[in-house]
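Residues: numbered from 1 along the sequence shown. Quick caveat, the model's predicted, so the values are computed rather than measured.
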Amino acid sequence: MDFTFTEEQQAAAEAARAVFGGVSVDGVPSPALVAGAVAEDFDRPLWRRLADADLLSLLLPEEHGGAGLGPIALCLVLREAGRVLARVPLLETGAAAFVLGAYGGAATGPLLDAIGRGELVVTAAAQGRTGHDAPERAVTARQDSDGHWVLDGQQTAVPWAPTADRILLPAHTGDGRTVLALVPPGRPGATLDDQVSTNGERYARVTLDAVRTGEDEMITADGAWARLRELLTVGTCALALGVGEAAARMTGDYTSKREQFGFPLATFQAVAVQCADRYIDLRAMEATLLQAAWRIETIETVENHTTDTDALPVDADIAVAKVWASEGVRRVVQTAQHLHGGFGADTEYALHRYHAWAKQLELSLGPAAAHEEALGDLLAAHPLN
């Protein structure tokens, strides 16, 4: 078995590390000190640097100037983004670009070109009406007599929606199919109500009232919504891993320098045991994340999500990764706060920002309990030999 990354994947991670190396975690007000969003827009200068480094085109097909890479490369880049709390819609735009390239057809070509150049920002709606129901059931899609699609419904907690150029959202048709619609936020009938995420970012509740879309704005291919959901989930796990690794590093640096009774905190057995437990969490988060990303990247049969009748569907690997990401990142930041003592709550110190991001990522696209339930259903439906 060869567990090393390809040269292209390693190059993507190194390029991301170089770009994100210049990001200041304290570049915006603390979410603990402002009543609303920490900023009106995402980090546009950083977005421009990502485009210049060809990191926005990683998942685009080669005919559209992309590298043609897959979920593993996206996760490696998002891991670096999580370490610095990068305020950019990299996950949403990257996942949307992959789906548009794989399922969108010829009409999406100009959009893909614009995404790669950093000129088109696409976000994705995947939380449903309340965050607890099926996202694909939150919006209905029907075709009128003119052949246009008409959308009605609501999606909550859509990241970056007020400043995105397009919103990619799932909808269900009368015959039970799930389709994807690419809707401009300013389209007549679309209403955006401001929401603020736990980490202080500007989100929106998107309400669609008889919103009309053209045929070229709809993706009706089977498997498109499933692939988008998979990418968003593993990408969230990658961000959580980066957040957790940064918080653990901050804790290691602090406990190595902070002394009690004349000795560094890191030399105390109780501190070392807690740090060791959190190290195990991080390695489990990494292993399950890469397993899920690899399964997505190597899927050959979209309908069944497996080519091995004795293997669980890829959804099982994704559920395991999200369980570890949700519970692991929570334990890491809580231990980090504990070992920092009162200093960890100082709003002039960055650790509390990681705590806010960890809580946001823990609950995004379902908490651990929801994915444990989904995993149980999969195990019941697919008994292993």
Side-chain angles (χ1 to χ4, degrees), residues 59-61 64 89 91-115 119-131 133-193 195 203-233 235 302 364-365:
L59 276 66
L60 295 180
H64 293 285
L91 166 59
E92 295 78 14
T93 299
F98 186 89
V99 171
L100 291 173
Y103 300 92
T108 61
L111 298 178
L112 296 175
D113 296 336
I115 289 173
E119 299 169 358
L120 186 76
V121 177
V122 182
T123 189
Q127 301 289 352
R129 286 184 296 268
T130 66
D133 52 351
E136 65 272 19
R137 305 298 297 176
V139 175
T140 62
R142 56 184 172 83
Q143 284 187 287
D144 61 16
S145 57
D146 296 330
H148 288 88
W149 287 84
V150 182
L151 307 174
D152 292 280
Q154 188 177 88
Q155 290 276 355
T156 193
V158 181
W160 320 104
T163 53
D165 300 304
R166 299 287 191 280
I167 301 172
L168 187 63
L169 55 89
H172 69 279
T173 65
D175 58 0
R177 293 183 301 130
T178 299
V179 297
L180 292 176
L182 197 60
V183 182
R187 180 66 54 83
T191 304
L192 273 63
D193 297 310
Q195 296 176 316
Y203 280 23
R205 180 173 58 246
V206 178
T207 303
L208 306 173
D209 184 7
V211 172
R212 291 165 60 86
T213 64
E215 190 70 30
D216 59 343
E217 295 176 311
M218 300 295 296
I219 300 176
T220 59
D222 291 339
W225 160 239
R227 186 57 56 88
L228 178 63
R229 183 188 63 233
E230 293 164 359
L231 291 170
L232 291 172
T233 305
V302 175
S364 292
L365 296 168

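- A donor-acceptor contact shorter than 3.5 Å is absent between the side chain of Thr123 and the backbone of Ile167.
- Counting heavy atoms from C-beta outward, Trp160 and Val121 have side chains that stay 4.5 Å or more apart.
- Under a 3.5 Å cut-off, the side chain of Arg137 and the backbone N or O of Arg129 do not form any donor-acceptor pair.
- Rounded to the nearest 0.5 Å, atoms CD (Glu92) and CG (Leu168) are 11.0 Å apart.
- The only member of Gln143, Glu217, Arg212 that meets side-chain hydrogen bond (donor to acceptor under 3.5 Å, both in side chains) when paired with His148 is Arg212.
- Without hydrogens or angle criteria, Gln155 side chain to Pro135 main chain gives a donor-acceptor distance under 3.5 Å.
- What you find for Ala171 and Ala141 is that their closest heavy atoms are CB-CB, 3.8 Å.
- Annotation: the span from Trp225 atom CH2 to Ile219 atom CD1 amounts to 12.0 Å, rounded to 0.5 Å.
- Looking at His172 and Thr140, their side chains come closer than 4.5 Å, going by heavy atoms from C-beta outward.
- Counting heavy atoms from C-beta outward, Leu111 and Val122 have side chains that stay 4.5 Å or more apart.
- Counting only heavy atoms from C-beta outward, the side chains of Arg187 and Thr213 approach each other to under 4.5 Å.
- With values rounded to the nearest 0.5 angstrom, Tyr103 atom OH is found 12.5 Å from Thr220 atom OG1.
- To the nearest 0.5 Å, atoms OG1 (Thr130) and CZ (Arg205) are separated by 11.5 Å.
- Paired with Leu151 under the rule side chain to side chain contact (heavy atoms under 4.5 Å, CB included), one option of Val179, Asp209, Leu208 passes, and it is Leu208.
- Qualifying side-chain hydrogen bond (donor to acceptor under 3.5 Å, both in side chains) partners for Thr191, counting only residues two or more places apart in sequence or in other chains: none.
- For Ala204 against Ala161, the heavy-atom pair with the smallest separation is CB-CB, 3.8 Å.
- Closest approach of Ala210 and Asp152 over heavy atoms only: N-OD1, 2.7 Å.
- Val158 and Gln195 make their closest contact through N-OE1, 4.5 Å (heavy atoms, listed as atom of the first residue, atom of the second, distance).
- Here the closest non-hydrogen pair linking Leu228 and Ala96 is CD1-N, 4.2 Å.
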Pair Val206, Val183 - check side chain to side chain contact (heavy atoms under 4.5 Å, CB included), show working.
CA-CA 11 Å; Val206 178; Val183 182; over 6 Å; no

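- Annotation: side chain of Leu232 is in contact with side chain of Leu91 (closest heavy-atom distance under 4.5 Å).
- With rounding to the nearest 0.5 angstrom, the CD1 atom of Ile115 is 10.5 Å from the NE2 atom of His64.
- The side-chain heavy atoms of Leu100 and Leu112, taken from C-beta on, include a pair separated by under 4.5 Å.
- Atoms OG1 and CG, on Thr93 and Leu120 in that order, are 8.0 Å from each other to the nearest 0.5 Å.
- The shortest non-hydrogen separation linking Val139 to Pro170 is CB-O, 3.7 Å.
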